Amino acid sequence: MKLGFLLSLSLSASMFAAEPLVENFIKHGKANSAGTVAYSYDASVYSPDADLKDLPIGVFDSGIGGLTVLEAILTLDAYHNDTLNPGADGRPDFENERFIYFGDQANMPYGNYSSAGKTDYLRELILKDATFLLGRRWFDPKSQTFRQDKPPVKAVVIACNTATAYGIEDIRAIFQAWKVPVKVVGVVEAGARGVQESRPAASGSIGVLATVGTCASGAYPRVIGQTLGLAGRPVPSITQQGSIALAGVIEGDPVFTQSVGDCAYDDIRALLEAHRKTANPLPLSTLVLGCTHFPLAKAELTAALTAHRMDPAFSSLIAPEVTFVDPAEWTARELFRTLASARLRRRPPPTEPDLFYLSFPNPLRKNLPLTPEGGLEKDFKYGRETGALDREDTVNAPLRRDDLPAVGRKLVEGRLPAVWKSMGSR
Ligand code: DGL
């Protein structure tokens, strides 16, 4: 176990050694320190003596799924706001904070870049997302021009599991190279902490349900192993299952015809089949919902586990009780602790509303290959190469309630009330 743990630590360190794509991005940021061009930020905001406390917190995802993480942040009440002691005090923990949300909808799904052999391009997209949050530049569809008055941020929350798996080390590397003291919190590390804190000392195996890309990265088993290992806890067998459809089905993507219940059933079955193939499988007792959308299907996943528990072919593979770990909730806690220990919590409540942005194909680029619905054409999307930082295929524009596509609107309005309220406050 020890050897495996050391191996995974060294793998994670060497996997993300400064590479041309990261070096190139760092160089681009340094060469454009006024932040007026794409993928750059205003470096003067982050001067060594700057007080960042009153800046908003940035949250990004590949699309609108990360709004589930923002909902968890907005509704968290796990600490006493005045004393910082653990426990609810009836006041939301982030009551004085302001948020900037960004969803890279035009370039999603992120979970498919690995199957297309394009993880490097995905990593560059993730760096662009984080830099957008640092910067002031955004696209105004009304005037069809770029404007420079988006507030910069004091922390970046990577709400996307796939983006955390492939990009958190790169983001930390560019921030370090740019001397930007912005805190970075990702759902995978927080989720692993959630596994550690919600599991009894000795119990069964762990299952991870995530996108195909997140599973291909191996991030969850690696980080869960590190987290349990560092806490001196045994690392049980961890089985992953990459779901191709569940996120899309939950979002109501018309490409998928299955119901959420049927899809959850198929994914649980596939997870159990994979789990069966591990050596001496202990019953599954923890299930990590390693994709932004999956907590919205908790009821269907519970029903799928119950159905399989009653099937003699699977019953020995599932513990009588399975604990769900929702990384969103643990991310919110991690964010609170991070801001508190860095003395970055804001005191006076914000007077300005939260802001939301979504990416769209760049309307100033007339030759972009687009689908009939106006999205980036699939071969183009997954065929791009890294390094073209002077080319903007997509632009980031404000997202208001009325801009949400019908299915997205239903999801936010019906299931994410705090986000819905915050989105309506401008
Ligand atoms: N937000 C992604 C995640 O949590 C799911 C959607 C996608 O593949 O882009 O992994």
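Remember, it's 1-based here, ligands and their atoms both numbered in the order they're listed. The model shown is predicted, which means the values in this text are computed figures rather than measured ones.
With sequence neighbours excluded, the residues that form a ring-ring contact (aromatic ring centres under 6.0 Å, His included) with Y265 are H308. Evaluation of the ring-ring contact (aromatic ring centres under 6.0 Å, His included) rule for F175 yields no partner, not counting sequence neighbours. For the ring-ring contact (aromatic ring centres under 6.0 Å, His included) test, no residue two or more places apart in sequence or in another chain qualifies with Y220.
Formation of a donor-acceptor pair under 3.5 Å by the T371 side chain with backbone atoms of G375 is found in this model.
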Expected rows: ligand 1 N/O, protein N/O, dist below 3.5 Å:
{"unit_1": "ligand 1", "atom_1": "1 (N)", "unit_2": "D61", "atom_2": "OD1", "d": "2.8"}
{"unit_1": "ligand 1", "atom_1": "1 (N)", "unit_2": "S62", "atom_2": "OG", "d": "3.1"}
{"unit_1": "ligand 1", "atom_1": "1 (N)", "unit_2": "T292", "atom_2": "OG1", "d": "3.0"}
{"unit_1": "ligand 1", "atom_1": "4 (O)", "unit_2": "N161", "atom_2": "N", "d": "3.1"}
{"unit_1": "ligand 1", "atom_1": "4 (O)", "unit_2": "N161", "atom_2": "ND2", "d": "3.1"}
{"unit_1": "ligand 1", "atom_1": "4 (O)", "unit_2": "T292", "atom_2": "N", "d": "3.0"}
{"unit_1": "ligand 1", "atom_1": "4 (O)", "unit_2": "T292", "atom_2": "OG1", "d": "3.3"}
{"unit_1": "ligand 1", "atom_1": "8 (O)", "unit_2": "Y110", "atom_2": "N", "d": "3.4"}
{"unit_1": "ligand 1", "atom_1": "8 (O)", "unit_2": "G111", "atom_2": "N", "d": "2.8"}
{"unit_1": "ligand 1", "atom_1": "9 (O)", "unit_2": "S62", "atom_2": "OG", "d": "2.7"}
{"unit_1": "ligand 1", "atom_1": "9 (O)", "unit_2": "Y110", "atom_2": "N", "d": "2.7"}
{"unit_1": "ligand 1", "atom_1": "10 (O)", "unit_2": "T162", "atom_2": "N", "d": "3.2"}
{"unit_1": "ligand 1", "atom_1": "10 (O)", "unit_2": "T162", "atom_2": "OG1", "d": "2.6"}

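For R137 and F146, the positive end sits near the middle of the six-membered ring, less than 6.0 Å away and at most 45° from its axis.
Within 6.0 Å of CD in E95 there are more than 12 heavy atoms belonging to other residues, nucleotides or ligands.
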